[in-house]
Amino acid sequence: MHDIRAIRADPDAFDRAMERRGLTPSAAEITGFDAETRATQTTVQALLAERNEIGKKVGQAKRAGEDTAALEARGRAVAAEIASAEAALPAQQAQVLGLLESLPNILDADVPDGPDETANVVLHTHGEPARFNHPAREHFEIGEALGLMDFATAAKISGSRFVVLKGALARLERALGQWMLDLHTGEHGYTEHVVPLLVNDATMYGTGQLPKFAEDLFATTDGRFLIPTAEVPLTNLVRDQILAPADLPIRAAALSPCFRSEAGSAGRDTRGMLRQHQFTKVEMVSVVAPDASDAEHERMTQCAERVLTELGLTWRRVFLCAGDTGFSAARTYDLEVWLPGQKAWREISSCSNTRDFQARRMKARVKIGKDNLLVHTLNGSGVAVGRALIAVLETHQDAEGGVTVPEVLRPYMGGLERIARG
RNA sequence: GGAUGGGUGGCCGAGCGGUCGAAGGCGCACGCCUGGAAAGUGUGUAUACGUGAAAGCGUAUCGUGGGUUCGAAUCCCACCCCAUCCGCCA
């Protein structure tokens, strides 16, 4: 959501910002509707003031025992004027709001220009792509050969883009989630949360999924939605709140299932568990004062990077370009892991600073002195568990079809050092 | 699903259709008192929009949306949510 006053103050800057996103300029349209709306509002408010004045006089006259018929008649006349004057208002307000809430966030100045992921900029790389003395297999080949990853049965139960994990792989999934959450809560200052997976429309609106991206969500028959990420409930913890400075920063983390319809991605990543309707993710959310979000963004990204490093994975940090940055984000760093089997870098975490974009939708503020300032909100995966499992399988596979368990996970795996068939 | 009660400011909690943006208390801020503190005491303390250079002025907001009325926190209707009890259930 955008600040209409900022657009009024500098419509050209707003148009340039939207052009970076590949959108046609709309500031003139917005400010035009806004001017109409305010003109109507001013007229209506003057009439309301008159009505209130008459109402007061009626009250005084009645107490004094005077005749009020003439005043009441005037009141009725003004009421009729109000009704006709304000008739246009709801539609006018909806026009302005509709534009403001459907346009993406303004990008930071240093976000690289570019239309799509090919223009993203690699900032740094950790480790070398693994080399094997045997053919590197993809995660689903490894998992199916182990007899612990079953897509056919999942398809029978639910359809495509689901998986059944068994035995050591099921436990590996659990171990990854547990260990990551323990790391962030134990060493990175995040507070563990268990949050609703089913949320209402106001919550989805707060983080920007609604009204524009309803088709990406699963909706329930009673009007709720399955969360596509724990970012949604975690960020909405501060919705409609005025916080004290001492409340900040808020750092919240959760391990949760995520549900995505994947509408529009038909045919992409159909093999394996890279792109599923349901997956597990550890999510980090920070709520900070406006001047603190840059440092927090860097900090949060490093928290996610540490996860990948400790799992012995090869990864790189990518600065998303204008065309690849999500709707609510002002800037985003993706972390990509190298998948030796697929021989490709794949996204495993995404850390975004939304600045006040979500806070304005949520009316989440902090009282600093006399002012109520919108907070800044940030979110980052720390990291996607399903994709981490893929990366561990492909990175730590061996010639016999086994997989070495990263040391940090062994306490969570009952001491198991290697996953093997049998 | 059935029954009952209830949604008022940062929190608790009053509120006869007009003088109610709303008593009182708590909390908070500033001052007085004190060697310092506590206690006591005084003053102040909602949000949003419009308008204005500013001070200010205006408007809206008592769960949401409608209605009655010159005028609604207060009356009427619908809906939402919460609590408690019963039933069902992990």
Side-chain angles (χ1 to χ4, degrees), chain A residues 1-9 30-101 194-206 210-211 219-225 233 236-248 250 256-257 287 289 356 359-375:
Chain A
M1 172 81 83
H2 292 284
D3 182 1
I4 181 66
R5 281 169 299 192
I7 301 175
R8 285 206 290 259
I30 295 169
T31 52
F33 287 142
D34 174 52
E36 286 175 26
T37 306
R38 280 184 298 147
T40 307
Q41 198 174 340
T42 304
T43 307
V44 170
Q45 287 186 357
L47 289 167
L48 284 170
E50 193 180 343
R51 183 200 68 182
N52 290 345
E53 193 56 37
I54 292 168
K56 242 175 227 167
K57 281 184 188 156
V58 172
Q60 289 165 357
K62 286 217 159 152
R63 254 172 279 124
E66 295 164 9
D67 177 50
T68 59
L71 278 172
E72 289 184 30
R74 258 183 68 203
R76 276 188 292 273
V78 173
E81 280 185 70
I82 291 169
S84 73
E86 72 182 358
L89 202 53
Q92 288 176 329
Q93 286 171 332
Q95 245 165 347
V96 175
L97 187 65
L99 285 165
L100 290 180
E101 69 189 8
V194 173
V195 288
L197 308 180
L198 233 37
V199 302
N200 58 32
D201 53 359
T203 297
M204 284 296 187
Y205 180 85
L210 292 181
T220 64
T221 53
D222 70 349
R224 280 178 254 263
F225 299 89
N236 274 277
L237 291 171
V238 296
R239 174 154 57 88
D240 292 321
Q241 283 209 278
I242 301 174
L243 301 158
D247 296 333
L248 303 179
I250 293 169
S256 87
V287 178
D356 63 10
R360 185 170 292 107
R361 291 173 161 253
M362 292 193 300
K363 297 179 172 52
R365 291 151 293 175
V366 56
K367 187 155 204 111
I368 295 181
K370 262 188 70 98
D371 297 322
N372 291 319
L373 303 177
L374 293 167
V375 297

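Throughout, protein chains are lettered first and strands after them, A, B, ... in sequence-line order, and every chain is numbered starting at 1. Note: hydrogens, waters and symmetry copies are ignored here, and every other heavy atom, side chains too, is used. These figures come from a predicted structure and were not determined experimentally.
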Walk along nucleotides 55-61 of chain B from 5' to 3' and tag each nucleotide B, S or - by protein heavy-atom contact under 4.0 Å, base first, then sugar-phosphate.
---BSS-
Output the distance between atom CD (A:E72) and atom CD1 (A:I54), rounded to the nearest 0.5 Å.
11.0 Å
Say we look at B:A83 and B:C77: how far apart would their P atoms be, to the nearest angstrom?
25 Å
Between CG on residue A:L97 and CD on residue A:Q95, distance to nearest 0.5 Å:
11.5 Å
Separation between CG (A:D34) and CZ (A:R38), nearest 0.5 Å, reads 4.5 Å
Sequence neighbours excluded, the answer for side-chain contact (heavy atoms from CB on, under 4.5 Å) partners of A:R365 is A:I242, A:K363, A:N372, A:L374
Rounding to the closest angstrom, what is the interatomic distance between B:A23 and B:A73 at atom C1'?
14 Å
Please state how far atom CG in A:L243 lies from atom P in B:U47, giving the value in whole angstrom units.
14 Å
Whole angstrom is fine here: how far is it from CZ in A:R74 over to C1' in B:U69?
17 Å
If you count heavy atoms of other groups shown closer than 6.0 angstrom to CZ of A:R74, is the number above 12?
no
Given the P atoms of B:G13 and B:G9, what is the spacing between them in whole Å?
11 Å
What integer distance in Å separates A:I82:CD1 from B:U69:P?
14 Å
With rounding to whole Å, what would you report as the distance between B:U84 and B:C28 at their P atoms?
30 Å
dist A:L243:CG -> A:I250:CD1 (nearest 0.5 Å) comes out at 5.0 Å
Starting from P on B:U47, measure out to CD on A:Q241 and report it in whole angstrom.
15 Å
Mind listing the closest non-hydrogen atom pair of A:F225 and A:L210 along with its distance?
CE1-CD1, 3.8 Å
It should be established whether A:R5 places a side-chain nitrogen or oxygen under 4.0 Å from OP1 or OP2 of nucleotide B:C49.
yes
For residues 194-204 of chain A, tabulate all N or O donor-acceptor pairs below 3.5 Å that involve a side-chain atom, not counting sequence neighbours.
| from | atom 1 | to | atom 2 | distance (Å) |
| --- | --- | --- | --- | --- |
| A:N200 | OD1 | A:A202 | N | 3.4 |
| A:N200 | OD1 | A:T203 | N | 3.0 |
| A:N200 | OD1 | A:T203 | OG1 | 2.9 |
| A:T203 | OG1 | A:R239 | NH2 | 2.8 |

Rounded to the nearest 0.5 Å, what separates atom CG in A:D356 from atom CZ in A:R361?
12.0 Å
Nearest-0.5 Å distance that lies between atom OG1 in A:T40 and atom CD in A:Q92:
3.5 Å
In whole Å, what separates the P atom of B:C81 from that of B:C70?
35 Å
Distance between the C1' atoms of B:U34 and B:A48, in whole angstroms?
43 Å
How close do A:A61 and A:T68 get, heavy atom to heavy atom, and via which atoms?
CB-CG2, 3.6 Å
What dot-bracket string describes RNA chain B from 5' to 3', counting Watson-Crick and G-U wobble pairs whose defining distances are under 3.5 Å, with [ ] for crossing pairs and | for pairs to another strand?
((((((((.[[[..)..(.....]]]((((((.......))))))((((((....)))))).[[[[[..)....]]]]])))))))....
Side chain of A:R76, heavy atoms from C-beta onward: which of B:U47, B:C70, B:C49 has the nearest atom to it?
B:C70
Are the side chains of A:V366 and A:D247 in contact, using a 4.5 Å heavy-atom criterion?
no
Taking B:A14 as the reference, what is the distance to B:U69 when you measure between their C1' atoms (whole Å, please)?
26 Å
Quote, to the nearest angstrom, the P distance that separates B:C20 from B:C26.
23 Å
Please find the pair of heavy atoms, one from A:E101 and one from A:P211, that lie closest to each other, and give the distance.
OE2-CG, 3.7 Å
Starting at CG of A:D247 and ending at P of B:C28, how long is that distance when rounded to a whole Å?
14 Å
In short, A:Q93 meets A:T37 closest at the heavy-atom pair CG-CG2, 3.6 Å
To the nearest Å, give me how far apart CZ (A:R360) and C1' (B:A48) are.
14 Å
Would you kindly compare A:R365 and A:D34 by the position of their nearest RNA chain B nucleotide and give the one closer to the 5′ end?
A:R365
Between protein and nucleic acid, restricted to nucleotides 17-20 of chain B and to nitrogen or oxygen atoms under 3.5 Å apart, what atom pairs and distances do you find?
| from | atom 1 | to | atom 2 | distance (Å) |
| --- | --- | --- | --- | --- |
| B:G18 | O2' | A:R63 | NH2 | 3.3 |
| B:G18 | N2 | A:G55 | O | 2.6 |

In this structure, how many angstroms lie between the P atom of B:A48 and the CD1 atom of A:I4, rounded?
17 Å
In whole angstroms, how far is the C1' atom of B:A46 from the CG atom of A:D240?
14 Å
Mind listing the N/O atom pairs, protein and nucleotides 51-53 of chain B, below 3.5 Å?
| from | atom 1 | to | atom 2 | distance (Å) |
| --- | --- | --- | --- | --- |
| B:U51 | OP1 | A:R38 | NH1 | 3.1 |
| B:U51 | OP2 | A:R38 | NH1 | 3.4 |

